[in-house]
Amino acid sequence: MSDSEDMPLAARKRQQADNAPTTDDDNIDSGSDSDTPLGKRRRPAVRKKVIEDDDVVQSSDSEVPLVKRVRTAERKSYKEDSDDDGDASYKSSDSDTPLAAKKAPSAKTNGTSKSSPSTSKTNGNKGTSGKKVAPKIKEESSSDSDAPLAKKASTKKDTPSKSAAKSSKSTKVKSEPIEAKLSSKKRAKDDTDSKSKVKKVKKEEEEEEEDDDENENAWWLNNTEQDDTVKWKTLSHNGVYFPPPYVPHGVKMLYDGKPVTLAPEVEEVASFFGALLYTEHAENPTFQENFFKDFSKLAKKHKTVPEIKSFAKCDFTLMYEYFQQEKEKKKLMTKEQKQALKDEKQALEEMYGTCYLDGRKEKVGNFRMEPPGLFRGRGKHPKTGCLKLRVLPEQVTLNLSKDAPIPKAPEGHKWQKIVHDDTKTWLATWKENVNDSTKYVFLAAGSSLKGQSDFKKFETARELKKCVAGIRKAYMADLKDKKMFIRQRATAMYLIDRLALRAGNEKGEDEADTVGCCSLRFEHVTLEKPNIMHLDFLGKDSIRFQKTMEVDDQVFKNIRLFKREPAQEGDELFDRLKTSELNKHLQSLMKGLTAKVFRTYNASFTFQDQLQKLTPAKGTVAEKLLAYNRANREVAVLCNHQRAVSKGHALQMDKIVDKIRALKYQKMKLKQTILTLEPKLKKKRPEFTEPESDLEDDWIGEHEVQLMAKEREKVKAKWEKENEKRKENKEKPMTEKELKEMLKEVDAREKELAKERKSGVVPGGKGATVEKCEAQLLKLDERIAATRTAMVDKEENKQTALGTSKINYIDPRISAAWCQKYDVPLEKIFTKTLRDKFKWAMTVDADWEF
DNA sequence: CCGAGGACTTAGCACCTACGTT
DNA sequence: AACGTAGGTGCTAAGTCCTCGG
């Protein structure tokens with residue numbers, strides 16, 4: 001294959017794809033699928049990959065949802081040269097084994113084995129051959145696969161009617177949005193003249209529902225039907241808060257060793273860097289470079305003397321020190337000062353932190369404009385360190401009701417624009433200069449708007465639970481499809497489902513090189529016979545995903561197949577799969593299904609499953625919490641949620657290791673005592689002669705020194721205490737001499753220890769017997785084991801972030817139900833903010849199930 | 001009719017603070 | 001009381017998904 005070598009691989013590949021001559025078999029249904037978006041154009045084969053004709057294909061063909069298959073049939077078949085393979089050997093094999101049964105992907109996690117009832121549903125599509133029908137198919141499949149009634153029933157409260165109604169409307173689907181829009185427009189108009197009305201209504205609602213704020217927003221208690229394209233009827237707020245203007249501190253930077261006077265604007269930017277000195281950012285060459293480019297340019301603009309040309313000559317340490325001092329000062333502030341700051345903050349929240357949505361008071365999330373600074377891109381972001389400019393009101397657009405008062409822009413400024421778009425949830429938006437991306441001010445996580453979409457998210461995941469078995473079966477079958485495209489898609493689905501990978505959209509060159517499922521490249525996957533796969537790549541936030549697992553044989557085969565060929569680094573593993581196509585397919589299997597739903601589903605499912613397995617019904621609250629956290633961690637590991645290891649971690653681990661050693665030391669002593677008491681046992685019980693692992697002489701010596709030091713301290717403390725007592729009682733205090741006397745005992749013991757160490761003869765305390773010693777040995781073993789587990793626990797936890805899964809992936813209703821069932825106070829599990837965010841989920845019964 | 005970019009969720013890190021420890 | 005630490009929260013970057021608009 002020819003190609004322009006210098007263009008980025010991915011791009012090249014894509015181009016090739018487009019140019020490639022189309023082959024025949026598109027024909028199949030090509031004609032008709034004109035309306036299916038998919039139908040458009042396949043991405044022809046770039047490098048031809050071959051697939052052996054699995055006989056299996058045919059047979060399975062008939063039972064699996066065909067829709068897709070047919071529709072995509074066009075995608076070029078690669079049957080051409082088939083032969084190749086070692087694949088042949090694999091033959092048909094196991095396609096039908098329910099996934100679940102098969103191997104557990106990563107050692108941990110996985111779970112998911114139950115097949116849920118709806119398995120076969122997906123087949124509903126079957127009959128609908130061909131193209132064209134896409135929309136209809138969707139409807140059909142969704143309605144039949146998800147018997148709305150059944151499922152909704154379990155949800156109680158919320159929306160049964162809503163969704164059921166929707167799905168049954170099928171035919172109208174398309175027109176809905178339009179209607180909605182129209183009506184919303186109308187409404188908006190009405191609103192203008194009916195502001196007062198709205199207010200009245202609000203009052204009524206309050207009274208009716210509950211009079212306190214708490215329940216005013218309890219949307220989950222209402223069954224009201226909603227249209228989700230319209231997000232609000234009325235919206236008013238106070239705009240956004242801008243950070244105060246820069247106040248120069250006058251601290252100089254040194255250039256070439258000499259202090260330089262900087263214009264305030266320049267000083268500000270220098271300070272951004274100064275504040276970061278000695279952090280990883282400031283040490284990062286890309287960061288430095290980007291910073292310096294912007295900084296020197298700015299300095300030049302302000303005619304800084306001398307001209308700043310070399311980063312190496314810049315010295316920001318004075319500024320750094322100044323900031324350190326400022327921090328200290330802040331710590332030393334009086335209570336009143338601190339209180340004043342707090343009050344100020346409070347006032348801001350009052351002003352900007354709340355808004356009115358449909359007359360209800362709601363919290364605003366990020367009402368503070370992002371202050372200027374240096375862009376802190378993660379991983380190897382090419383733009384990390386670039387100057388992020390101050391945002392002016394002139395760049396900010398506000399969104400609110402037509403009739404709502406327009407917040408005043410800061411003195412001497414005006415807003416960029418005011419809009420009244422009730423289909424958007426944002427209150428304000430602006431464009432950021434570094435990556436040219438759009439930023440928004442949204443409502444807080446605890447708001448009804450966010451709550452509703454959270455709820456919807458989990459409901460979709462529960463929907464998936466019902467049909468996941470069928471979907472799995474289908475993609476397992478597709479793993480052997482003749483069409484490369486379908487094979488790739490099925491393989492990707494497998495990875496997404498089993499390994500909780502993200503979809504993996506394409507990324508630009510101005511971003512860090514990270515990947516997800518669809519964007520995996522050859523170098524990220526290695527195979528090891530017979531069916532081991534290693535994945536190693538940087539995912540979102542440049543977090544490394546590194547796991548080794550057994551995979552299904554066919555998956556193994558497929559990946560080998562994809563990798564074969566001019567498998568060069570940089571080539572995409574799934575070269576003809578794009579997330580949009582994948583999602584389109586998923587949508588057809590279940591309404592609302594996209595790649596990310598698998599993560600939500602698998603996370604929540606795993607959590608519930610683990611929780612159920614781990615919770616000791618009769619345990620203490622602490623034990624239950626431990627189980628909860630373990631289940632949580634299971635999920636975090638599944639989703640690969642990581643965090644930086646805390647700086648004290650190594651030290652803490654060392655301490656634990658030492659603790660274990662100390663226990664081992666005790667064991668050693670006991671064993672020696674036993675042998676001293678009963679030398680005969682040397683032969684009979686060889687384990688008593690065996691040295692403890694990991695106990696070196698040096699360490700023992702040191703340990704004993706420490707032990708003695710502690711003893712001495714104890715003695716001294718005792719002596720001091722005694723003296724205090726005597727003082728109170730007006731008795732004569734003990735003398736230093738007496739203290740020395742007491743310490744002599746320790747000295748003696750120390751000598752003993754030294755002797756024991758040499759001879760190995762350890763008489764033990766009074767009344768020591770072999771039996772007693774053995775009992776103690778057992779206890780020590782237990783303690784060691786426990787400490788070890790704690791250590792492992794801690795070690796694993798050091799890199800695992802539990803928060804993300806708790807906040808985003810685990811259906812809070814599982815937790816709420818669990819708390820009820822096991823009588824654990826909710827606040828042990830959810831912080832205040834989480835309780836607030838999840839208030840919609842707190843009303844479930846103890847037997848609620850995900 | 002496809003890709004750029006809009007809108008919204010998910011993510012880890014940097015603080016800050018409340019708390020337990022010494 | 002000072003200290004250190006873990007947990008909680010705020011911040012904003014980085015994803016996903018899908019809709020526009022050229």
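The sequence lines fix the lettering, A, B, ..., with proteins before strands; numbering per chain opens at 1.
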*asked:* Between P on B:dG6 and NZ on A:Lys417, what's the gap in Å once rounded to a whole number?
replied: 11 Å
*Which sits closer to the 5' end of DNA chain C, A:Ser646 or A:Ile807, going by the nucleotide each is nearest to?*
A:Ser646
*For the side chain of A:Lys450, counting heavy atoms from C-beta on, which of B:dA11, B:dT9, C:dT9 is nearest?*
B:dT9
_Heavy atoms from C-beta onward define the side chain here; which of B:dC8, C:dG8, B:dA11 lies closest to that of A:Tyr440?_
B:dC8
*Output the single nucleotide from B:dA11, B:dC13, C:dT16 whose closest atom is nearest the side chain of A:His641.*
B:dA11
*In whole Å, what is the span from the CD1 atom of A:Ile829 to the C1' atom of C:dG8?*
16 Å
*Map A:Lys431 and A:Lys540 onto DNA chain B by nearest heavy atom, then report which one ends up closer to the 5' terminus.*
A:Lys431
*Please give, in whole Å, the distance from B:dC15 C1' to A:Leu276 CG?*
13 Å
_For A:Tyr628 and A:Ser815: C-alpha separation, side-chain torsions, deciding distance, then whether side-chain hydrogen bond (donor to acceptor under 3.5 Å, both in side chains) applies._
CA-CA 9 Å; A:Tyr628 184 93; A:Ser815 298; 2.6 Å; yes
*Name the residue closer to the 5' end of DNA chain B, choosing between A:Ala644 and A:Trp426 according to the nucleotide with the nearest heavy atom.*
A:Trp426
*Closest listed nucleotide, where the reference is the side chain of A:Gln587 and the choices are C:dT12, C:dC18, B:dC8*: C:dC18
*A:Thr833 side chain: which of B:dC8, C:dG15, C:dG10 is closest?*
C:dG10
*Rounded to whole angstrom units, what separation is found between the CD atom of A:Glu432 and the C1' atom of C:dA13?*
9 Å
*With a 4.0 Å cut-off on heavy atoms, is A:Gly803 in touch with a base, just the backbone sugar-phosphate, or nothing at all?*
nothing
*To the nearest Å, how far apart are A:Lys832 NZ and B:dT17 C1'?*
12 Å
*asked:* Looking at A:Lys456 and A:Glu459, is there a salt bridge between them, counting it only when a charged N and a carboxylate O are closer than 4.0 Å?
replied: no
_Integer-rounded Å distance: B:dG12 P and A:Leu802 CG_ = 11 Å
*Would you say A:Arg378 reaches B:dC13's phosphate, i.e. side-chain N/O to OP1/OP2 under 4.0 Å?*
no
*Heavy atoms under 4.0 Å, any strand shown: does A:Ser453 hit a base, just sugar-phosphate, or nothing?*
sugar-phosphate
*When we call it a touch if two heavy atoms are under 4.0 Å apart, what does A:Lys596 touch: a base, just sugar-phosphate, or nothing?*
sugar-phosphate
*Between C:dA13, B:dA11, B:dC13, spot the one nearest the side chain of A:Thr804, thanks.*
B:dA11
*asked:* Looking at A:Lys383, I'd like to know whether one of its side-chain N or O atoms comes within less than 4.0 Å of OP1 or OP2 on C:dA13.
replied: no
_Side-chain N or O of A:Asn583 versus OP1/OP2 of C:dC17: is the shortest distance under 4.0 Å?_
yes
*Mind checking A:Lys330 for me? I need base, sugar-phosphate or nothing, with any heavy atom below 4.0 Å counting as a touch.*
sugar-phosphate
_Over all strands shown, is A:Ile543 touching base, sugar-phosphate only, or nothing at heavy-atom distances under 4.0 angstrom?_
sugar-phosphate
*Of all the nucleotides listed (C:dC17, B:dC8, B:dA11), which has the minimum atom distance to the side chain of A:Phe442?*
B:dC8
*Select base, sugar-phosphate, or nothing to describe what A:Ala512 touches, counting heavy atoms under 4.0 Å on all strands.*
nothing
*Salt-bridged, A:Lys388 to A:Glu432, with N to O below 4.0 Å?*
no
*Tell me whether the OP1 or OP2 atom of C:dA13 has a side-chain N or O from A:Lys439 closer than 4.0 Å.*
yes
*In plain terms, say whether A:Asp510 and A:Lys383 are close enough for a salt bridge, that is, a side-chain N and a carboxylate O under 4.0 Å apart.*
yes
_Assess whether a salt bridge exists between A:Arg521 and A:Asp575, defined as any Lys/Arg side-chain N lying under 4.0 Å from an Asp/Glu carboxylate O._
no
_First of A:Ser542 and A:Leu651 reached from the 5' end of DNA chain C, by closest nucleotide_ = A:Leu651
_Using a heavy-atom cut-off of 4.0 Å across all strands, would you classify A:Thr425 as base, sugar-phosphate, or nothing?_
sugar-phosphate
*Return no unless some side-chain N or O of A:Ser580 is found under 4.0 Å from OP1 or OP2 of C:dC17.*
no
_Classify A:Asp541 by what it touches in the nucleic acid, base, sugar-phosphate, or nothing, heavy-atom distance under 4.0 Å._
sugar-phosphate
*Choose from B:dC16, B:dG12, C:dA13 the nucleotide whose nearest atom is closest to any side-chain atom of A:Phe375.*
C:dA13
_Need one value for A:Thr579: base, sugar-phosphate or nothing, where a base atom within 4.0 Å counts as base even if backbone is also close, heavy atoms only._
nothing
*Have a look at A:Gln642 and say if it touches a base, only the backbone sugar-phosphate, or nothing, with a 4.0 Å heavy-atom cut-off.*
sugar-phosphate
*Should the ring pair A:Trp426 and A:Tyr440 be called parallel, tilted or perpendicular, given that the plane angle runs from 0 to 90° and is split at 30 and 60?*
tilted
*Just compare B:dG12, B:dG6, B:dC8 and give me whichever is closest to any side-chain atom of A:Thr438.*
B:dG6
*Electrostatic pair A:Lys329-A:Glu326, nearest N-O below 4.0 angstrom*: yes
*Given atom NE2 of A:His381 and atom P of B:dC13, what is their separation to the nearest angstrom?*
17 Å
*Describe the nucleic acid contact of A:Gln652 in one word from base, sugar-phosphate, nothing, applying a heavy-atom distance below 4.0 Å.*
sugar-phosphate
*asked:* Classify A:Arg643 by what it touches in the nucleic acid, base, sugar-phosphate, or nothing, heavy-atom distance under 4.0 Å.
replied: sugar-phosphate
_Among C:dT12, B:dC16, C:dC17, the one nearest A:Glu370 by side-chain distance_ = C:dT12
*Quick check, are the ring centers of A:Phe273 and A:His281 under 6.0 angstrom apart?*
no
*What is the distance from OH of A:Tyr241 to P of C:dC11, rounded to the nearest Å?*
11 Å
_Base, sugar-phosphate or nothing for A:Lys388? Non-hydrogen atoms, less than 4.0 Å._
sugar-phosphate
